[in-house]
Amino acid sequence: MGTSRGIKSSETMFAIIEELQDNGQMGVTELSDILGMSKGSIHHHLTTLQEHDYVVKQDGKYTIGLEFFSIGVGTRNRYPIYEAAKNELPKLASQTGETAWCMVEENGKGVFIDGYVSGASLNPDAVIGNKTPLHCNSAGKTILANLPEEQREAIIGRNELERMTENTITDPEQLRQELKQIREQGYSMNLEEDISGIHAVGTAILDKDSKVLGSISIGGTATRLTEKYCEQELVPALNATANDIELNITYR
């Protein structure tokens, strides 16, 4: 009985955090109405979160605190690929005039942990930290292609291949064939598969034992990043940067 109450309490706290993250400043009454919980219960959880700096109270309303930011930064810094790539991505963005990304996999999803922009391109701040399916973007597909087969199949089988655009691959067998091609050629393409009007190309970052640590990618508008341009101009730049990052990881 105690365990059940503890789980319920944890679920309530996470629900409050998610609502504050989605909606910004909220009051006790607003949260109570949305979550269908008593004001007393909501206030109790908010007080606990406030005592630990996870929420901040301003003018009678609550918002997410920077303690989450501190945890997020610390978590990101523990990924070897982040430390090895953070000085290389700006160079890649500057060289190509596009946006350069770094992604890792967590629980079968892709998370962009860093990104740099050069010129008129995508805004990385709007995407960093967001979770995304692996099957519909270049960074995710190149990670998926290089995972051990058992892990790769578990992700494909566990997650529905959601259709993001009319170009998204939603058939598991078609995806497997493309992942095989990605492993053979060493890079992946995203031709408006997750966002209409956006193309991207990505490659995996491997450690000395060929274990995939994440990926880097270059994204931009489909009119600029044609398939031919990606293959002839961006893939060589991407591979050169990947080599530098892998050397940084090996000899850091």
Any [X] side-chain heavy atom under 4.5 Å of [Y] side chain:
X      : Y      : result
Ile42  : Lys39  : no
Glu193 : Asn137 : no
Asp114 : Trp101 : no
Ile216 : Thr241 : yes
Arg176 : Arg152 : no
Thr203 : Ile182 : no
Leu238 : Leu92  : yes

Verdict with supporting geometry, Met189 and Cys230, side-chain contact (heavy atoms from CB on, under 4.5 Å): CA-CA 8 Å; Met189 297 282 291; Cys230 285; 3.7 Å; yes

Taking atom [atom1] of [X] and atom [atom2] of [Y], what is their separation to the nearest 0.5 Å?
X      : Y      : atom1 : atom2 : result
Ile34  : Thr29  : CD1   : OG1   : 11.0 Å
Glu18  : Asn23  : CD    : CG    : 11.5 Å
Asn130 : Ile113 : CG    : CD1   : 13.5 Å
Asp209 : Lys211 : CG    : NZ    : 9.0 Å

Greater than 12 external heavy atoms within 6.0 Å of Glu160's CD: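 Not more than 12 within 6.0 Å, no.
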
Taking every non-hydrogen atom, the tightest pair across Glu98 and Gly220: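 The answer is OE1-CA, 3.6 Å.
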
Closest non-hydrogen atom pair between Ser94 and Ser118, with its separation: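 In terms of heavy atoms, the two residues are closest at CA-OG, 3.7 Å.
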
side-chain contact (heavy atoms from CB on, under 4.5 Å) evaluation trace for His199 with Asn190: CA-CA 5 Å; His199 284 180; Asn190 164 17; over 6 Å; no

Do side-chain atoms of [X] reach the backbone of [Y] as a donor and acceptor pair under 3.5 angstrom?
X      : Y      : value
Ser217 : Ala139 : no
His45  : Gly40  : no
Lys141 : Leu179 : no
Ser215 : Thr142 : no
Glu192 : Ile195 : no

In this structure, would [X] and [Y] fall into the same cluster of hydrophobic residues linked by side-chain contacts under 4.5 Å?
X      : Y      : result
Ile17  : Val111 : no
Met164 : Leu161 : no
Leu247 : Leu206 : no
Leu147 : Ile169 : yes

Chi angles and distances behind the side chain to side chain donor-acceptor pair (under 3.5 Å) call for Thr170, His135: CA-CA 8 Å; Thr170 57; His135 71 281; over 6 Å; no

Pair Glu106 + Lys109: basic N to acidic O under 4.0 Å: no

Ion pair Lys228/Glu233, N-O distance below 4.0 Å: no

Side chain to side chain donor-acceptor pair (under 3.5 Å) partners for Asn239, two or more places apart: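 Applying side chain to side chain donor-acceptor pair (under 3.5 Å) to Asn239 gives none.
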
Set of residues satisfying ring pair (Phe, Tyr, Trp, His ring centres under 6.0 Å) with respect to Tyr187, sequence neighbours excluded: none

Salt bridge (Lys or Arg N to Asp or Glu O under 4.0 Å) between Lys208 and Glu246, worked out: CA-CA 8 Å; Lys208 59 183 176 62; Glu246 289 174 351; over 6 Å; no

Candidate pair Glu83 and Arg78, rule salt bridge (Lys or Arg N to Asp or Glu O under 4.0 Å), full reasoning: CA-CA 8 Å; Glu83 288 295 329; Arg78 286 197 291 272; over 6 Å; no

Stepwise side chain to side chain donor-acceptor pair (under 3.5 Å) check, Arg163 with Thr168: CA-CA 5 Å; Arg163 183 177 295 280; Thr168 306; 5.6 Å; no

Less than 3.5 Å apart, which donor and acceptor atoms pair up between the side chains of residues 48-73 and the rest of the protein, not counting sequence neighbours?
{"unit_1": "Thr48", "atom_1": "OG1", "unit_2": "His44", "atom_2": "O", "d": "3.1"}
{"unit_1": "Gln58", "atom_1": "OE1", "unit_2": "Gln25", "atom_2": "NE2", "d": "3.1"}
{"unit_1": "Lys61", "atom_1": "NZ", "unit_2": "Glu30", "atom_2": "OE1", "d": "3.4"}

Gln177 and its side chain to side chain donor-acceptor pair (under 3.5 Å) partner, picked from Glu173, Gln181, Lys180: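 Result for side chain to side chain donor-acceptor pair (under 3.5 Å) with Gln177: Glu173.
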
CA sep, side-chain torsions, deciding dist, call: Val201, Leu225, side-chain contact (heavy atoms from CB on, under 4.5 Å): CA-CA 9 Å; Val201 58; Leu225 273 64; 5.7 Å; no

Passing option when Ile205 is tested against Asn146, Ile249, Val212 for side chain to side chain contact (heavy atoms under 4.5 Å, CB included): Ile249

Short side-chain donor-acceptor distance under 3.5 Å, His43 and Ser38: no

Test log, rule side-chain contact (heavy atoms from CB on, under 4.5 Å), inputs Ile16 and Glu19: CA-CA 5 Å; Ile16 291 170; Glu19 287 297 330; 5.9 Å; no

